[in-house]
2 protein chains.
Amino acid sequence: MTTVHTAASAVSAVSAASAAEEKVDTCASEAAHPPPVARGGYTISEVVSHTGLSAHTLRWYERIGLMPNVSRSHTGQRRYSEADLGWLSLVGKLRLTGMPVADMVRYAELVREGEHTFAERQHLLTRHRENVRQHIAELQDTLAVLDFKIEHYADARRASERV
Amino acid sequence: MTTVHTAASAVSAVSAASAAEEKVDTCASEAAHPPPVARGGYTISEVVSHTGLSAHTLRWYERIGLMPNVSRSHTGQRRYSEADLGWLSLVGKLRLTGMPVADMVRYAELVREGEHTFAERQHLLTRHRENVRQHIAELQDTLAVLDFKIEHYADARRASERV
DNA sequence: CGCTTGCTTAGAGTGCACTCAAGGTCAGTA
DNA sequence: TACTGACCTTGAGTGCACTCTAAGCAAGCG
């Protein structure tokens, strides 16, 4: 039960939203089955059930600058946009692949700073991609060992049952 | 990210050594370059440089029951055997693939308890193998996103330079 | 009106996996 | 003999990523 246990599947549900990414059209239908956007965006509890992250974590992400510019209702409650969900999906992927929060915060800063940071963003992601590739190799290496050992135990058990 | 960042490359150095699984002959020349086994095993600092783990960590592994039965010199210093290095290599792999230390300790207990724990050992490793497989899938999912974004930044930069 | 539910904040607490500190023993060398 | 350096122990400290607490505000309902 390390960091990965809560909401792995839920986060991948969000990742579908991230494919859409940036330009979200704000002009959806207004009355029927009022989509969250008609009320100004998703509430925090909607985002919780959508992503599997806790409300605490969502607020904490905002506090540390990882989830900036979430808009508010007239009573100060958070209203998440589709773009916010897309960003959360990316953050979820980076998190699940072991990027430190500090690096994600740095990336978020770069995004806020505009297009002149493309080079650094590319560099940051490229570095992370290398880490991910290496980690995949380690995992596959381990998979081979696990296969071997599991087969070994299975063999030994079959042999002992036959006696 | 948790757990993965320190000493990743160094541990893979161990796995190379364990791949060899050198059956060291104890009857080597006594004076010249005495092999560690001739002195009763590897010292902790030799294991440190071999594995990339810190001496602190090696002692801590022993304290928590993850690295049992390390023999000692007549002055009480640790002497690691080849088998210990092999075990350490496995532990390194499990650790790099995110198995909680508690589970590794449990596995170590089962190994100590003997052959009647084969079923539970197999179960434990099988469960971990599933986690590893799922994690690989997540990593590859993320890799696709990273490729897409990196290419996007590269394109944008090429375009802006052409202007 | 009171109650519940759901949200707000800043700051403190938790769990994991180390990582270090303090004080000590022992072998080898000047 | 004095010193150096590698090793020993127990217990405390660190960094990360959450996770929870406490106190309070606002809306909806019987």
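In what follows, chains are A, B, ... by sequence order, proteins preceding strands, each numbered from 1. The basis for the numbers below is simple: all heavy atoms, side chains too, and nothing from hydrogens, waters or symmetry mates.
In terms of the ring pair (Phe, Tyr, Trp, His ring centres under 6.0 Å) criterion, residue partners of A:Phe118 (sequence neighbours excluded) are, by chain and number, B:Tyr153. A search for side chain to side chain contact (heavy atoms under 4.5 Å, CB included) contacts involving A:His56 returns A:Ser54, A:Arg59, not counting sequence neighbours. Taking B:Arg129 as the reference, A:Asp147 meet the salt bridge (charged side-chain N to carboxylate O under 4.0 Å, His left out) condition, with sequence neighbours excluded.
Aromatic ring pairs are classed by plane angle as parallel below 30°, tilted from 30° to 60° and perpendicular above 60°; the pair A:His135 and B:His135 is perpendicular.
Note: NE2 (A:His56) to P (C:dG13) measures 15 Å, nearest angstrom. Atom CZ in B:Arg72 sits roughly 17 Å away from atom P in C:dT25 (whole-Å rounding). One atom, CG of B:Leu58, and another, C1' of C:dA17, lie 14 Å apart when rounded to the nearest Å. Separating the NE2 atom of A:His74 from the C1' atom of D:dA26 is a distance of 9 Å, rounded to the nearest angstrom.
With B:Trp87 contributing its side chain and B:Pro68 its backbone, the two residues share no donor-acceptor pair below 3.5 Å.
Considering only the side chain of B:Thr57, C:dT19 comes nearest among D:dA26, C:dT19, D:dT19.
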Mind listing the side-chain donor-acceptor pairs of residues 69-76 of chain B below 3.5 Å, one per line with the distance, residues two or more places apart or on another chain?
residue: B:Ser71; atom: OG; partner: B:Arg79; partner atom: O; Å: 3.0
residue: B:Arg72; atom: NH1; partner: B:Gly76; partner atom: O; Å: 3.1
residue: B:Arg72; atom: NH2; partner: B:Glu62; partner atom: OE2; Å: 2.8
residue: B:Ser73; atom: OG; partner: B:Thr75; partner atom: N; Å: 3.2
residue: B:Ser73; atom: OG; partner: B:Thr75; partner atom: OG1; Å: 3.0
residue: B:Ser73; atom: OG; partner: B:Gln77; partner atom: N; Å: 3.1

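Side-chain polar atoms of A:Glu46 and A:Tyr80 form no donor-acceptor pair below 3.5 angstrom.
Applying a 4.0 Å cut-off to non-hydrogen atoms, the residues of residues 60-70 of chain B that approach DNA chain C are B:Trp60, B:Tyr61, B:Arg63, listed by residue number.
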>> What verdict does the side-chain contact (heavy atoms from CB on, under 4.5 Å) test give for B:Gln140 and A:Ile136, after you've listed the backbone C-alpha separation in whole Å, the side-chain angles of each residue and the deciding distance to 0.1 Å?
In response: CA-CA 8 Å; B:Gln140 275 164 344; A:Ile136 287 176; 3.7 Å; yes

Below 3.5 Å between N/O atoms, which protein atoms pair up with nucleotides 5-7 of chain C? Just atom names and distances, please.
residue: C:dC7; atom: OP1; partner: A:Ser45; partner atom: N; Å: 3.4
residue: C:dC7; atom: OP1; partner: A:Ser45; partner atom: OG; Å: 2.8

